[in-house]
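Numbering of ligands and ligand atoms starts at 1, following listing order.
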Amino acid sequence: MISANYHTHTVRCKHAVGEEREYIEAAISEGFKILGFSDHTPQPYPEGFISGIRMDMTQLKDYTDTLVKLRDEYKDQIQILIGYEVEYTRKYFEPLLEELKKYPLDFIIQGQHYVEDEVEGFYVGSETDSEEKLKAYVDFTIEGMKTGLFTYLAHPDLINFTGADDIYYRHMKRLVEAAIVLNIPLEINIYGFVDRRWYPCDRFFKMAAGYNPRFVIGCDAHTPQIVRQPEHIEGFSEFLERNGITYGDNIIDIVKV
Ligand SMILES: [Zn+2]
Ligand SMILES: [Zn+2]
């Protein structure tokens, strides 16, 4: 049983369903004490570029207004935090932070879906056997981690590398080492697990557990039904066990925001 989930989306990202209230009530009934909303942040992309997987800049007010109201309404039952899942980019990160700071903001998590960004880069979830792309993902993700602004790294194993293990380990171990040095927890992603995606994967977590970084479990809820305790997810405890990951040992419950 974990106390907190920091990875929750809303319909504004165009690929999630349900009312905010349903996510909150699911969290309460599952026994969570803290529910962090971290919808895909909008990005100040060039005019004319519309992302299909995130809210627009103009929706920041509605997003935060809605959550502030609910935070108040539910304050005796659960602590609600207001955050975002943010892509680190070279071009848009600074101006984005300036915008986010104009509204209530408790935390941001890093979700590196693109390198270097959605406008000009590549999607890291596409299958690839390119060591160059793997290396670019790791280098760029570490660059983002070094900003010191992220509460944790979401789905560190989002890169869908289909090549040899030795190449995979050579680069991904650098990500783990950086997480330890920078004291950034690595997320074990429940949504990917339930949706039978390529992450969270044994190849990454077995290797990572050997270095003993801090892990955090994130629902990455795009539907209220995914706001679940990990032990209610079929096969998830076995996943942790076979990779040498244990509650209270290397899984942390509540992260500092
Ligand atoms: Zn999403
Ligand atoms: Zn997410």
Presence of N, O or S from His40 under 2.8 Å of the Zn ion (ligand 1): yes
Give the ring-plane orientation class for Tyr168 versus Phe161, where under 30° counts as parallel, over 60° as perpendicular and anything between as tilted. parallel
Just to the nearest 10 degrees, tell me the angle at the Zn ion (ligand 2) spanned by Asp220 OD1 and Glu85 OE1. 170°
For Glu19, does the CD atom have more than 12 heavy-atom neighbours from other residues, nucleotides or ligands under 6.0 Å away? no
State whether His9 contributes an N/O/S atom found under 2.8 Å from the Zn ion (ligand 1). no
What class does the angle between the rings of Tyr199 and His155 fall in, given that below 30° is parallel, 30 to 60° is tilted and above 60° is perpendicular? perpendicular
Ring geometry between His9 and His7 (parallel below 30°, tilted from 30 to 60°, perpendicular above 60°): tilted
